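Residue numbers begin at 1 in each chain, while the letters A, B, ... track the order of the sequences. As the structure is a prediction and not an experimental result, all values here were calculated from the model.
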Amino acid sequence: MEMDLGRVFDALPAMVWTAQPDGHFDFANRRWSDYTGLSLDEAHGWEWQAAVNPDDMPTVLERWRSILATGEPGDLEARVRGFDGQYHWFRVQCSPMRDDAGQIIKWCGVGTDVDDFRRAKETLRRRELDFQLIVDSIPMPVAVTTPSGEVEGLNQLTLDYFGKTFEELKGWKASDVVHPDDLERTIAAQLDAHRKGRTYNVESRHRRADGVYRWHNVLGLPLRDPQGNILRWFHLLVDIDDRKRAEDALSASESYARSIVDSIPGMIAAFTPNGELEFVNRQIIEFFGKPLEELKRWATSDMTHPEDLPRAVEYFTRSIASGEPFTDEVRARRFDGVYRWFQSRGFPLRDTNGRIVRWYNLLIDIDERKRAEEALTARERNLNEIINTIPVLAWSARPDGSTEFFNQHYLHYAGLSIGQSKDWVPTTALSDYWDLTAAVHPDDVDGLTAAWEVILASGKSGEAEARLRRFDGIYRWFLVRANPLCDESGNILKWYGVSIDIDDRKRAEQALRQSERSFKLIIDTIPALAWSARPDGSAEFFSKHYLDYVGLSAEQAQNWGWTVAVHPDDLSGLAATWQAIMTSGKPGEAEARLRRFDGEYRWLLFRANPLRDASGNIVKWYGVNTDIDDRKRAETNLAREKHLLEMIASGSPLRDVLSALCEMVEEAGPGCYCDVHPIDWSGPSIEYSVAPSLPASYTDPIAGLSLNGDALPCAIAVREKAQVVAEDMDTDPRWRDSSVRIHVLEHGLRSVWSTPIYAKNGRILGTLCLYQRQPASPSPQHQSLIAHATHLASIAIERSRTEAALRRSETLLAEGQQLSSTGSFSWRVDTDEIAFSEELCRIFKFDPNAVVTLEQFRARVHPDDMPSLSAQLDRVRAGHGYPGYEIRLRMPDDRVKYLRTFGRVVRHQDGGLECLAAVQDVTERRLADEALSKARSELAHVSRITSLGALTASIAHEVNQPLSGIITNAGTCLRMLAADPPNMDGARETARRTIRDGNRAADVITRLRALFSKRTPSIEPVDLNEAAREVIDLLSSDLQRSRVVLRTAFADGLPLAGGDRVQLQQVIMNLLRNAADAMSGVDDRPRRLLMKTEADEDNHVRLTVQDAGVGLTSEAAERLFEAFYTTKNDGMGIGLSVSRSIIESHNGRLWAASNDGPGATFSFSIPKYSGDEAPAQDISAAGASITSSVQV
Amino acid sequence: MNIAHPLVSVVDDDESVRESLPDLIKEFGFSVRAFSSAEEFLASDIVDKTKCLILDVSMPGMTGPDLQRELKRRGLPIPIVFITAHRDDTVRPRLLERGAVECLFKPFSDAALQEALSSALSEP
């Protein structure tokens, strides 16, 4: 056939050549050699280059290689040398020739002399005519069409073959020139080629003029311009009918085998080892409605569904290359254009050497099944759409568990959509991407997988929980629930599942769990025994502490099991209380002993609280048990301590108290023996030993032991003021050679701990010793006990000693009260309770053992003093304090007692007032005072008498004043009467005054008479010191009132003076009074007064009074002793003059002098008593003397 | 001041004297004023108008002689007739010596007073 074609080409009036796919020229037609003058051999391979202008070679080669590389039709232009050496421009068009598989098997080229084109465009038309001639001259039917497929020209041979005109053949598509069976295919091939710009090759039967169809191979080639645009198409009709017939004959030789194959109710095709279709059975031919030749091009045709073709080709070529069988499912196009599904299975047939000699391909129609599947898929799609609209995460899986489908919500939730497409994604594709664990929290993947496997294995519905990651990265909890879909026979067809968002619930649960966990944690952490019970009282729960405490398991303790731990003695009471609490429905508590895991019973406080539901029903009881054993013990200790303190307070003997203390210590510290030693510091030594649990043989030798020396632990403790611990007396080196060691060991004691007992002020009162019968050192509990006990011992001892001191002090006080006649009382103002001291009862003559009432008190008070007393009491009640006052009592025997009280009012914290007062019986002193007072008044009276001489002058003055008025008035009266006319009114007035002044004078006389009614003085020996003391005593209260500080300096052995004692005392009194008065205005210095006596020269005795008063001016000193001269506002000015007259009447001297410092000094000096003094001068004489001495 | 009724002042702490004496002096034809103390007199506006002073010797506060000294110090030579209830003979000569016109012991007669007054007012 190639040879035939070569001849055709040779006949072509154009340079035609062919080349192998690699570009090697393997053929050139005669036109080529005719033009170039080169032999055909010289065109083979690449030798054609010799005919090409060297200048164009690079372009030509590049272009040619480019065309080869692309495998697409192309063209190029080059100058080709003619046999005459002339170069002509040629346009060379190249096209690949492809086999059925599309592989390039050959390149075809046509070289066209375009020299003329280039030279003159006007020759184009002519050249086209030439072209027509060329076409016409081609010795085979050729058709030329426009790019759109319109028939443009046909050569004569064509017209001859078909026996038709050009016009008739133009409509060939609608005529029978092409066999009806082939027409469609031919047209399709043409159109396809036209569309793609490629050559085509189609075999079809063409009707010859005589009506016989002959097979032709229609070869279509595009004719392109230099730019590559298709100008027109050549369609060569190569008669292949003979070959076809030969092929048919060949086929007939295989008909037997084929008939067998054809009888197989499947479709079978056989391929050569390199994949070329060799034969097909009848079923294939019938199915496809195509001849074998067409079927051979299956790989480039639409016989296989376009969607399946690439895969089919791939599988096929892969198997051909590898020799491995293949299986595929493809849609094949039936003759009627309908695609049906086939299972395509290919397998090799090998010869004895194992070489593949043939491939068989079996096509089994599975269309029904496929359609069923597709229908199912469609239904599923429908279902999926429904599922997609359900607002839950839904999915499905195959029976093997591989996921198949996720609904849109699932995808949206997890952000698992493919790209941004919102289109529904084929389920099959999805399952390739994810399984059920896609987007599941890494921590939950294993769990979910395991659960899923369990569900799969069970074949039953199941569920699991897992966190699913949302598109925003947040994980939420989902309940994944799977349900199997089974067929009638129970086989699982599919799993359907939904994932339900339970995150909120989960969180709530988690929170609840957390809270429960923390609650449990708290319950288990709190060192309390917590429990809960059902409404019927049976226990439900016990905290870990509870169970640990009683050493029971939760099961053992449940219901009423816990009661085994309750102390038998307490069980009935506890049960009753618990029943009562439950009946009341209110919180309650009870106390009972509970056996601890170690067997020890300890006191616990059971507290229970009801938990009620909304309607108020008790749903549960919660309880906590508190270990109150320590508290109980403390209470016991407290009770004991209280007892001890009561003993102390009630003044029990110290020994008894300490003994009780020891018992308390021994009870609290099992195994201990206690011994207390008060210390007698006068030794110092141990006063005695109190140890109720130790024999007297132990304690007796201790009493009175000296603390000096190292032997006794107590002594060391006292001296070092620190606890001394001898863990084991037997081995302790400190007592190795001590008798103490023997004494202790002899009594079976080993350890001795001695602790000082301190008083509040830090002084050590004694020691407290603890012994044990085995070597030991004090534990912290022991130390605490010791500290406690020493404290109590301290209180007891101190209290005892204080009481002793108090008793002494009370005795002293009572004695003092009695001695000073002073009692005391307290008066609770608000309650009128009165407490009298013993002495006060004695003063009041009350029964000391009876309670004194205010009424009794009032009854004793002198009636005259009642108003004053009431006023005082009112003052106190009003909160004005206690002023101190004097009051008289009238005793039952009418005796009067004078009392003086001092006191104060105390306001208590409760606001109540209490008046505390001391009451002194001053009756005796008061009587003495009264006697003194009487004496003083008598003395004063006497002094008036004795001063009479001096007073005469003043008496005369007093008398002369009214006398003067009388006389004057009388004179005046007379003159008024004598006047003319007489002044009667004036006379009457003056007469009246006369009478009045006369009466005044008479009064003066009356007073004078009274003055003269006393005795006269006498001279006697006078102890001036004693006389002065008496005066001081008389005046002491006056002096104190005047705040005068009197100092006396009386000379011892002072000679007696001679004189009138009373007169001299009058002088002394006068001097003292003057001195006190002189200092009455002195506030810037002490009012010091010095009185001294001394023997004076010339057998005189002198008395001096020195004051610190205002002092004397020189003028005052000069006139001091004048009668009626006074520096005082209230004085008559006769005192000093009288004094001087008295002293002078004693032949003595009275004078005054200024001090160097403040004040003045007055002195008198009189002769001492000799026994022969003249009688004292008459006072009138003395008065005369005084008068005469007064200077004016 | 009427020349026919020279002013006589009486200074005495005794009320009866202050009552009776002015009446008598008026009877003599003088104008008269009475004061209960030397201080009161000194404080009055008639010290320099007084032609004669009848003055008690003993008075609380400033005594008669004190006032006499004070008037002398002030350069007021008022004739003074002392009167006193103390019949002390030593007193009169001393008072006269110090410039008193007269010293009358209470009680004195109206004639003695009139004579003393005349004597005082007749002095230059």
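Remark: side-chain polar atoms of A:Ser1165 are not paired, donor with acceptor, to backbone N or O of A:Gly1148 under 3.5 angstrom.
Here B:Glu70 pairs with B:Arg73 in a salt bridge; the nearest charged N to carboxylate O distance falls below 4.0 Å. With salt bridges taken as basic N to acidic carboxylate O contacts below 4.0 Å, none links B:Arg94 and B:Glu97.
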Practice prompt. Test salt bridge (charged side-chain N to carboxylate O under 4.0 Å, His left out) on B:Lys106 and B:Asp56 and set out the steps.
Written response: CA-CA 10 Å; B:Lys106 298 177 184 176; B:Asp56 189 21; 3.7 Å; yes
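Checked by atom type, the side-chain pair A:Ser1139/A:Asn1070 shows a donor-acceptor distance below 3.5 Å. Between the side chains of A:Asp1077 and A:Ser1080, no donor-acceptor pair is found at a separation under 3.5 Å.
Between chain A and the residues B:Asp23, B:Leu113, B:Asp12, the most heavy-atom pairs under 4.5 angstrom are made by B:Asp23.
Contacts between B:Phe105 and chain A at a heavy-atom distance below 4.5 Å are absent for every atom of the residue. Looking at B:Glu19, the atoms closer than 4.5 Å to chain A (heavy atoms on both sides) sit in the backbone and in the side chain alike.
For residues 973-986 of chain A, the interface with chain B (any heavy-atom pair closer than 4.5 Å) comprises A:Arg975, A:Met976, A:Asn983, sorted by residue number.
Scanning for salt bridge (charged side-chain N to carboxylate O under 4.0 Å, His left out) contacts around A:Asp997 gives A:Arg1000, with sequence neighbours left out.
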